[in-house]
Asker: 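Below: one structure in structure tokens.
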2 protein chains.
Amino acid sequence: MDRPQLPLNALRAFEVASRHLNLTRAAVELCVTQAALSHQIRGLEERLGVTLFRRVPRGLVLTEEGIMLAPVLTRIFDEMSGTLDRFSTGHYHETINLGVVNSFAAEWLIPRIPDFQRLHPSIDLRVHTNNNRVDLAGEGLDLAIRFGDGSWHGVAATRLMRGAMMVVCSPGLADRLRNVEDLLSMPLLRSYRANEWERWFAIHGLPAPQLRGPVFDTSLAIAEMAARSHGAGLVPVALFSSWIESGRLVRPFEALLTAGDYWLTRLHANPESTGQGAFREWLASSFGTEA
Amino acid sequence: MDRPQLPLNALRAFEVASRHLNLTRAAVELCVTQAALSHQIRGLEERLGVTLFRRVPRGLVLTEEGIMLAPVLTRIFDEMSGTLDRFSTGHYHETINLGVVNSFAAEWLIPRIPDFQRLHPSIDLRVHTNNNRVDLAGEGLDLAIRFGDGSWHGVAATRLMRGAMMVVCSPGLADRLRNVEDLLSMPLLRSYRANEWERWFAIHGLPAPQLRGPVFDTSLAIAEMAARSHGAGLVPVALFSSWIESGRLVRPFEALLTAGDYWLTRLHANPESTGQGAFREWLASSFGTEA
DNA sequence: TTCGGCCATGAGATAATCTAATCTCGCTTC
DNA sequence: GAAGCGAGATTAGATTATCTCATGGCCGAA
């Protein structure tokens with residue numbers, strides 16, 4: 001249907017009525033009389049050639065067609081409304097509440113935030129770091145960057161980068177490592193992902209080692225511990241390659257463990273806003289130029 | 001901004017003008033005069049307290065604020081328009097063009113389509129099978145179900161089910177398999193994913209075997225070949241477990257190879273329609289009830 | 001029954017929207 | 001540098017779409 005034909009006011013009337021299922025109350029929300037709504041909705045039904053409501057003694061019931069139309073319109077008007085609200089201060093501004101797993105925030109995102117700010121000064125990015133156990137809805141987040149295999153319920157996921165893991169340790173400890181078995185002679189720093197070391201050793205045909213010591217909930221802590229010669233750790237290559245280059249950490253073995261990837265996630269229930277789309281594209285292009 | 005305050009007509013006027021950057025031409029699209037548009041847009045700017053266009057000698061240029069608003073509105077009105085078009089026949093009907101990787105279509109989707117049809121008779125699902133090499137935009141598909149690790153560009157992915165692979169062969173051949181090495185005595189059926197067998201043998205600490213013979217582009221062909229005693233194949237557990245139960249195939253070893261998962265994918269550029277959302281939720285609930 | 005809640009309807013009022021005619025501005029062109 | 005042109009702005013008045021008011025009909029509850 002072409003732009004000039006869109007019965008915008010009638011659609012709004014229908015949307016409000018579809019939520020109240022009562023013209024009188026819907027009329028209050030729209031600040032008009034019940035009669036006005038009645039006219040609008042009848043007009044819409046005629047225009048579409050479809051019955052949207054079944055009129056029953058005590059009110060309205062949506063027809064099959066009404067059921068298909070109403071939620072789309074509710075979403076559309078909510079989005080319109082939300083977008084217009086972003087102009088309330090006299091210029092556009094949007095807030096994105098972003099959850100980010102600690103290590104990604106520290107090693108990748110935070111250093112690049114100024115670049116995003118420069119490109120999108122009207123978007124107010126609020127970063128909430130976490131240990132990857134993140135509940136988008138419960139924590140009021142719009143987006144979350146997390147580590148995993150992309151399998152989250154009710155979530156649209158966009159892969160950001162590979163999460164292949166490498167073994168790291170301090171330059172001092174590296175001297176003691178001639179072959180893979182030598183790793184067993186030093187503490188192996190553990191994450192809450194239980195079988196990482198087991199799988200790493202399996203690659204080399206070795207049995208699972210006995211693990212002791214504290215469990216860390218972020219690669220950042222593991223990298224720090226490793227850098228201070230407290231043991232060897234498994235950390236994502238993509239995040240900690242700069243530590244290798246600067247000599248803070250050493251990578252004694254080439255083997256990689258694929259444990260998951262980094263993803264940008266959003267609840268399916270919340271459609272993507274302009275700013276969220278801009279952020280996603282900025283992320284994608286940032287990875288694109290690095291590769 | 002509350003529903004009654006939404007300046008719908010003015011927003012439509014702005015949206016059209018933002019595409020033409022020329023009030024005169026925009027007026028033609030909206031079937032009104034240039035003066036009408038000029039009024040509407042000035043009214044909108046006053047209402048929002050924001051300048052949306054910079055007036056320049058030969059036309060209009062969007063301001064920063066206009067740039068943020070225009071694409072949202074274009075998407076919104078396109079969606080509205082598309083949704084209303086689905087009523088053109090007098091009742092709601094929507095078409096979803098779905099690309100599906102062969103094996104998933106044959107073993108999982110096709111048998112369940114009647115269930116979806118029953119729940120959503122107004123949605124017309126058109127299934128296009130392919131060998132997983134699918135280009136959503138190029139092939140005019142709305143959605144695609146494919147196998148992989150979720151890493152596709154410009155795509156929102158929702159994981160449907162695990163794609164763990166198992167070794168299968170015919171009951172006859174299974175008798176010859178006492179241990180993993182015995183596999184090397186029979187043809188190993190190849191897919192176009194090159195190193196599957198290599199990785200499967202690596203799990204057992206064995207070197208990569210020499211592979212010969214045809215390469216198949218769908219697990220379905222591999223399963224068929226295996227069932228006819230032409231060799232052993234690697235196929236997804238979730239799709240072919242019924243072949244095991246019926247005795248058509250045998251699973252001689254427990255070991256699983258994780259090669260990827262099955263995903264529902266959609267271009268970020270195309271927002272999800274009602275029907276697409278319904279289809280995604282139907283898929284999710286179908287897997288939920290099975291697990 | 002009678003009342004109350006709810007939607008439908010038709011005629012007239014109202015307000016939003018549009019048109020027509022005219023201006024202004026600044027670039028082009030000769 | 002003057003005329004012409006293409007664009008948006010403006011103003012007043014016309015035109016509609018939209019709304020209100022008053023009323024009617026229907027159905028279930030009291």
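Labels below follow one simple rule: chain letters A, B, ... track the order of the sequence lines, proteins then strands, and each chain is numbered from 1.
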Asker: Start with the C-alpha gap between F147(A) and F104(A), add the side-chain angles, then the distance that decides, and say whether ring pair (Phe, Tyr, Trp, His ring centres under 6.0 Å) holds.
Answerer: CA-CA 9 Å; F147(A) 186 84; F104(A) 188 91; over 10 Å; no

Asker: Considering non-hydrogen atoms only, spot the tightest contact between L30(A) and A13(A) and give its length.
Answerer: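 Smallest heavy-atom distance, with atoms named: CD1-CA, 3.8 Å.
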
Asker: Quickly work out the I41(A) CD1 to dT9(C) P distance and round it to whole Å.
Answerer: 13 Å

Asker: Under 3.5 Å, is there a donor-acceptor pair between the side chain of R3(B) and the main chain of E29(A)?
Answerer: no

Asker: Under 4.0 Å: is that the gap between some side-chain N or O of R42(A) and OP1 or OP2 of dA8(C)?
Answerer: no

Asker: Write down the distance between NE2 (H20(A)) and C1' (dG5(C)), rounded to a whole number of angstrom.
Answerer: 17 Å

Asker: Sugar-phosphate atoms are those with a prime plus P, OP1 and OP2; base atoms are the rest. Using that split, label each nucleotide of nucleotides 20-30 of chain C B, S or - for protein heavy atoms under 4.0 Å, 5' to 3'.
Answerer: B-----BB---

Asker: Ignoring backbone atoms, test whether N9(B) places a side-chain nitrogen or oxygen under 4.0 Å from the OP1 or OP2 oxygen of dT17(C).
Answerer: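 True: N9(B) side-chain N/O within range (under 4.0 Å) of dT17(C) OP1/OP2.
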
Asker: Has the side chain of T95(A) got a donor or acceptor atom that lies under 3.5 Å from a matching backbone atom of D124(A)?
Answerer: no

Asker: Please list, in 5' to 3' order, the outermost nucleotides of DNA chain D lying under 4.0 Å from any heavy atom of chain B.
Answerer: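 For DNA chain D, the relevant span reads dC5(D) to dA12(D).
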
Asker: Scan residues 264-276 of chain B for pairs that pass salt bridge (charged side-chain N to carboxylate O under 4.0 Å, His left out), counting only residues two or more places apart or in two chains.
Answerer: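 For residues 264-276 of chain B, and leaving out neighbouring residues, the salt bridge (charged side-chain N to carboxylate O under 4.0 Å, His left out) pairs sorted by first residue read R266(B)-E272(B), E272(B)-R280(B).
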
Asker: Between L30(B) (CG) and dC18(C) (C1'), how many Å, whole number?
Answerer: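 After rounding, the gap between these two atoms is 12 Å.
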
Asker: Keeping the roles fixed (side chain from E65(A), backbone from Y92(B)), state whether a donor-acceptor pair exists under 3.5 Å.
Answerer: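 Yes, E65(A) side chain to Y92(B) backbone: donor-acceptor pair under 3.5 Å.
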
Asker: Give the C-alpha distance, both sets of side-chain angles, the deciding distance and a yes or no for side-chain contact (heavy atoms from CB on, under 4.5 Å) between L11(B) and L8(A).
Answerer: CA-CA 10 Å; L11(B) 289 170; L8(A) 298 177; over 6 Å; no

Asker: I need the CG-C1' distance between L8(B) and dT17(C), as an integer number of Å.
Answerer: 14 Å

Asker: Taking CZ in R54(B) as the centre, count heavy atoms belonging to other residues, nucleotides or ligands within less than 6.0 Å. Is the count above 12?
Answerer: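 No.
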
Asker: Rounded to the nearest Å, what distance is computed from the CG atom of residue L60(A) to the P atom of nucleotide dA8(C)?
Answerer: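 That distance rounds to 7 Å.
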
